[in-house]
Amino acid sequence: MTSPAADGAQRSGHADGVSGPTSSPWLRILGVCLRYTAAVLVLLVAGGIFTGGVAGMFSVVYGAGIVVLFFGISLLIGHYVGKTNPSGAIGLFMAAYVLKVVGFAVALFMSGTPEWLDRTWFFAAAVAVVIVWQTAEVVAFSKTRHLLYEPSPAPEASGEQS
């Protein structure tokens, strides 16, 4: 049986017992967020169908879908840009956030309010998914490992004693 540190060293390839950074943290965070959001979405859809009928169901899916799309874009940007330009990722996050806010606002205002939209279920789903998504994102991000310093190579074993 091996220790957890040794297991981490074997997985990361580091010989000094230190595990490496989380590989592709953005996609892992996206997966966690999607799983928790899907669980809440099932409950919201059931409530929407029960009280609002088909319009309630579609309103829940529409509200949740907009939130998932909005936040998912950021994690995908982090995944693709973080590999090639990690130091520029924050700037791109900020630029993408501004573009998303403006783009989504324009798209929603131009499309108007569909007749079938149940405003209560749309709002409830959007708010619930924002809360669940952000909570899952923070918890998943807090569990990632980031490499701050490159581990030093293991010293060569020699017969000399000091």
Check: With side chains defined as the heavy atoms from C-beta onward, is the minimum distance between I66 and L108 less than 4.5 Å?
Finding: yes

Notebook entry, point to check: Is there a donor-acceptor contact under 3.5 Å from the side chain of R28 to the main chain of F141?
Noted result: no

Next item on the list: Give every residue pair that meets the side-chain hydrogen bond (donor to acceptor under 3.5 Å, both in side chains) criterion with at least one member in residues 88-98, sequence neighbours excluded.
Entry: none

Notebook entry, point to check: Hydrophobic cluster mates of V127, side-chain heavy atoms under 4.5 angstrom, ILVMFWY only, any path?
Noted result: F123, I131

Checklist line | Partners passing side-chain hydrogen bond (donor to acceptor under 3.5 Å, both in side chains) against T37 (at least two apart in sequence or in another chain) | finding: none

Next item on the list: Report yes or no: do I73 and L99 belong to one cluster of Ile/Leu/Val/Met/Phe/Trp/Tyr joined by side chain heavy-atom distances under 4.5 Å?
Entry: no

Next item on the list: Establish whether L43 and V129 are linked, either directly or via other cluster members, by ILVMFWY side-chain heavy-atom contacts under 4.5 Å.
Entry: no

Check: Once you round to the nearest 0.5 Å, how far does CG of L34 lie from CD1 of I29?
Finding: 12.0 Å

Notebook entry, point to check: Taking the six-membered ring for Trp, is the centroid-to-centroid distance between F71 and W26 below 6.0 Å?
Noted result: no

Item checked: Residues which pass side chain to side chain contact (heavy atoms under 4.5 Å, CB included) with V106, listed by chain and number, not counting sequence neighbours -> V102, M110

Next item on the list: Kindly work out whether a path of hydrophobic side-chain contacts (I/L/V/M/F/W/Y, heavy atoms less than 4.5 Å apart) joins V42 to V130.
Entry: no

Note to self: Out of the candidates L75, V32, L30, only one should pair with E137 under the side-chain contact (heavy atoms from CB on, under 4.5 Å) rule; please name it.
What the structure shows: L75

Check: Do the side chains of S74 and K100 get nearer than 4.5 Å, heavy atoms only?
Finding: yes

Margin query: If I compare all heavy atoms of F93 with all of G78, which pair ends up nearest, and what's the gap?
Written below: CZ-CA, 3.6 Å

Item checked: F104, CZ: over 12 other non-hydrogen atoms inside 6.0 angstrom -> yes

I'd like a table of donor-acceptor pairs (distance under 3.5 Å, sequence neighbours excluded) in which one partner is a side-chain atom from residues 44-64, with atom names and distances.
from: T51; atom 1: OG1; to: G47; atom 2: O; distance (Å): 2.9
from: T51; atom 1: OG1; to: W121; atom 2: NE1; distance (Å): 2.9
from: S59; atom 1: OG; to: A55; atom 2: O; distance (Å): 2.6
from: S59; atom 1: OG; to: D118; atom 2: N; distance (Å): 2.7

Next item on the list: Would you please name every residue forming a side-chain hydrogen bond (donor to acceptor under 3.5 Å, both in side chains) with T135, sequence neighbours left out?
Entry: none

Check: Is there a chain of hydrophobic side chains (I, L, V, M, F, W, Y, each step under 4.5 Å between heavy atoms) that links V139 to W133?
Finding: no

